[in-house]
Structures are given as structure tokens and as C-alpha cells.
Amino acid sequence: MKQTVTTSSIPLDMRQTANMQTGQEPGKYADKPPLVILTGPTAVGKSELSIGLARKVGGEIISADSMQVYRRMDIGSAKIMPQQMGGIPHHLIDIMEPTEEFNVVAFQQLAKQAMKEIYGRGHIPILVGGTGFYIQAVLYDIDFTENDEDTALRGELEEIAKKQGCGVLYEQLRRIDPESCETIHANNVKRVIRAIEFYKKTGIKISEHNKKQRQNDSPYKFAYFVLSDDRARLYSRIETRIDAMLEQGLVDEVSRLAKQGCTRDMVSMQGLGYKEILDYLDGHMTLEEAVYRMKRDTRHFAKRQLTWFRRERDVIWVDKQEFAYDDGCILAYMAKALEDRNVCGKSPE
């Protein structure tokens, strides 16, 4: 069932607090609770900055990441660990087993529940992560009821992927919805199948459906920050991060997961880093080749993320170069933007 965030689900004292924080009169802000978004490409430095931002606005962080929800998948997901959270509450981290399937519908439901609890404590939710579709689903309250599962059709498409490879389905998707291919990776079997399934069921391209949903008015008073950096510097950070993951024991982490019954067809094991190391462990490639592919595909992923965010409306781009990589200056800029947009008032610090 579609959930809509309304002021009736937010305690009256929280609504009054929000009105005072934004400097608005109670009636004006009542229908739009505050929401802050901090996103950007992988390895750009979102997690570190989000802690300072949460302190500034009295916020709690909701992870908008498709991999950090999984327990025991710490290294490959670059998961923020408890000792790095600086005392800031974090939500939607370590809540599922790797054998479970996590998707945008589950994220939307869990994020809304977390937001309701955060509002109840008089705090501001901050969505932090690089999964643009997850952010969009919450920000514009996208309705997924038209995309209910068709078990027979999905089974047919899964069988094609198993026997002929995902590439066959990807080319089919390219013919019917080339725009979706710009944001869905060829190896992401689940999303490729769902996009084809949606078209076959409705006669509408899923990219067109999503575009239409993005035109919804947001039920939130929000600021949507996109952190960016020089591409060469970003790519260097990606490579450094992957080298660090290997030193921290990524191969052992994936090996343990495989021994616990995690297989390559599971959503969790299709994440960057996990599928490549699985191929290495299964003898399909050398470790050197696996690392090469991890770095290459992560760079491509970062590029696709930036393409996605450029298409989003009403975003505030924050180029780290323009602030001389000074987090204090970046935080001051974001705090001022939040105040100017009446998302929240002056810093409680």
C-alpha cells in the first residue's frame, strides 16, 4: 500500500519545533516536514561530511545505500562503522541478512518509518548515500503499486538470463527503453528484468514512468546536496579505496559469505567488489583481473551516478574544489543554504 507522509503522523510538538527551526509560522510549515539529502558519487566523501552536517542541524542519518543494509558485508560496502559515527544515530545499516533481497520498495517503506521516528524525537532526517533511485523514491513519494510482481513473466525472464546470459535481456531492454540503459548496468539482472517486466505489463517505459513520478511535488521541505569533485581526483580516491579494501580483508569477507551460502544470483552478491571477488574465488579470473575490473566498473558506476544526479531537479551542487577541500567551509555553506530555504534555522551548535 502506498504510504504518504502527512503531518498527522508527526507529533504536534515536532511540528511546532520544525516551525520554530525554520522561522516560519506554524500553519505555513505544517504540511512539509524538513528533509536533508546529501549524495554524490561513490568515494567522494559523503559519510565523513554527513556527521558534521547532522551535528549542525540536529539530524539523524538514514543510509540511502543498497549494500550497507546487509550484515557482515562491511568492507566491500565501505560501511560506516559505529566508532566512525560520532554519536550520530544511523538508520538502515546492518538490518538484513545477505540472503535476503533488498530493493527500492523495501527501502522506501523502511526509510519512511525511520523518518517518522526521527521526527518524533524532534530531529531532522538526513538521507545520505549514492543510490539515486532510493533517494528519489522517498523525496517524491514514488508510487510503485503499478509494478506489482508478475511471477510467471519474471520467471520466464530469469530463465532467459540463466540460459542465454543477461546480455540478451540487456539488448532487449536497449531496444524498448534505451534511456533506462544509461542508468542500469548490464550486469544488474534484477533491475534489467524489472524494467522489461514493467514495459511488458504496462506498455510504458519504466524510464518514462520514473520521469513522470519525479514531477510529483515533494511532501517535504528539502535541500538536495550533491557532493562532487574533480574526476581525476575522484577516480584516484576510488582506486585508493579499493586497495584499502583488499588490505582490510575483502577477499576473506567474500570467502566467508560464500561459505555461509551466499551465491552470485543473490542481490547482495551483485554489488561492486563482491561479484568480482566471487569470480576470483571460483577460478574464473585471477585476483589481478578481479581488482582491475573492480576499479574499472566502480569508475563507470561513479560516472553513471553523476549522470543520474545531473538529471535531478532542484539540486544544490557542492564542488569540493571550490571550497579548497575544507569541510568546515562546505558545512557552513550547506547550513546557510538550509537556512535560506527554510529547511531548518540557524545551527544549534
Side-chain angles (χ1 to χ4, degrees), residues 1-40 46 50 53-54 56-65 88-92 104-105 107-144 210-227 308-309 311-318 334-345 348:
M1 181 184 295
K2 180 181 175 182
Q3 273 187 294
T4 303
V5 175
T6 64
T7 52
S8 62
S9 64
I10 302 172
L12 178 60
D13 57 347
M14 172 53 203
R15 284 179 263 161
Q16 291 170 339
T17 301
N19 294 330
M20 289 186 288
Q21 286 176 331
T22 59
Q24 295 192 4
E25 296 163 13
K28 278 186 159 185
Y29 197 75
D31 291 329
K32 294 225 173 182
L35 175 63
V36 179
I37 295 161
L38 176 58
T39 187
K46 300 180 291 292
S50 69
L53 182 60
K56 272 192 171 292
V57 304
E60 297 185 28
I61 292 168
I62 299 173
S63 172
D65 187 282
I88 301 297
H90 281 62
H91 305 268
L92 272 60
V104 67
V105 178
F107 171 78
Q108 186 189 56
Q109 293 170 346
L110 291 168
K112 283 184 176 183
Q113 180 58 40
M115 289 166 71
K116 182 178 179 181
E117 295 167 4
I118 292 167
Y119 289 133
R121 288 188 284 273
H123 294 164
I124 294 177
I126 307 174
L127 285 178
V128 179
T131 310
F133 192 30
Y134 284 14
I135 291 168
Q136 190 184 88
V138 171
L139 179 59
Y140 297 114
D141 198 19
I142 290 178
D143 183 1
F144 294 103
N210 292 340
K211 192 180 298 181
K212 183 178 178 182
Q213 288 287 313
R214 285 199 298 270
Q215 301 310 308
N216 293 348
D217 285 334
S218 176
Y220 306 101
K221 190 81 167 180
F222 69 91
Y224 190 153
F225 297 106
V226 179
L227 198 61
W308 176 282
F309 297 129
R311 289 178 175 168
E312 291 290 77
R313 55 191 168 106
D314 203 23
V315 301
I316 304 168
W317 285 88
V318 182
M334 290 196 290
K336 183 64 167 59
L338 290 168
E339 185 180 346
D340 290 346
R341 288 182 172 228
N342 292 322
V343 176
C344 60

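Since we're looking at a predicted model, the values are computed, not measured. Along the sequence shown, residues carry numbers from 1.
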Inset, instruction - Nearest 0.5 Å please: distance from the CG atom of L127 over to the CZ atom of F222. - result: 11.5 Å

Legend entry - Pairwise side-chain contact, E312 with I135, heavy-atom cut-off 4.5 Å (strictly under): no

Inset, instruction - Could you tell me which non-hydrogen atom of F133 sits nearest to which non-hydrogen atom of I142, and how far apart they are? - result: CE1-CD1, 4.2 Å

Inset, instruction - State, with a plain yes or no, whether a side-chain heavy atom of V57 is found less than 4.5 Å away from one of L338. - result: yes

Inset, instruction - If the plane angle is over 60° it's perpendicular, under 30° parallel, otherwise tilted; pick one for Y220 and Y119. - result: parallel

Inset, instruction - Report yes if the side chains of M334 and K56 come closer than 4.5 Å at any heavy-atom pair, otherwise no. - result: no

Legend entry - Side chains of V36 and F225 in contact at under 4.5 Å (non-hydrogen atoms): yes

Inset, instruction - If the plane angle is over 60° it's perpendicular, under 30° parallel, otherwise tilted; pick one for F309 and Y224. - result: perpendicular

Inset, instruction - Answer yes or no: is there a side-chain heavy-atom contact under 4.5 Å between W308 and Q136? - result: yes

Legend entry - V138 and F107, any side-chain heavy atoms less than 4.5 Å apart: yes

Legend entry - side-chain contact (heavy atoms from CB on, under 4.5 Å) between H90 and V128, worked out: CA-CA 10 Å; H90 281 62; V128 179; over 6 Å; no

Legend entry - Residues D314, R341: salt bridge by 4.0 Å N-O rule: yes

Legend entry - Heavy-atom closest pair, residues P219 and P33: O-CD, 3.5 Å

Legend entry - Minimum side-chain heavy-atom gap K221-L35 below 4.5 Å: no

Inset, instruction - Enter the distance from I61:CD1 to S50:OG here, rounded to the nearest 0.5 Å. - result: 3.5 Å

Legend entry - Between CD1 on residue I118 and NE2 on residue H91, distance to nearest 0.5 Å: 3.5 Å

Legend entry - Minimum heavy-atom distance between I316 and A337, given as atom pair plus value: CD1-CB, 4.2 Å

Legend entry - P34 to P125 - nearest heavy-atom pair and separation: O-CD, 3.6 Å

Inset, instruction - Please name the pair of heavy atoms, one in K46 and one in L38, separated by the smallest distance, quoted to 0.1 Å. - result: O-CD2, 3.7 Å

Legend entry - Short side-chain donor-acceptor distance under 3.5 Å, Q113 and Q109: no

Inset, instruction - Could you tell me which non-hydrogen atom of T39 sits nearest to which non-hydrogen atom of G130, and how far apart they are? - result: OG1-CA, 3.7 Å

Inset, instruction - Taking the side chain as every heavy atom from C-beta outward, state whether I126 and L53 have any pair of such atoms under 4.5 Å apart. - result: yes

Legend entry - Separation between OG of S218 and CD1 of I37, rounded to the nearest 0.5 Å: 7.0 Å

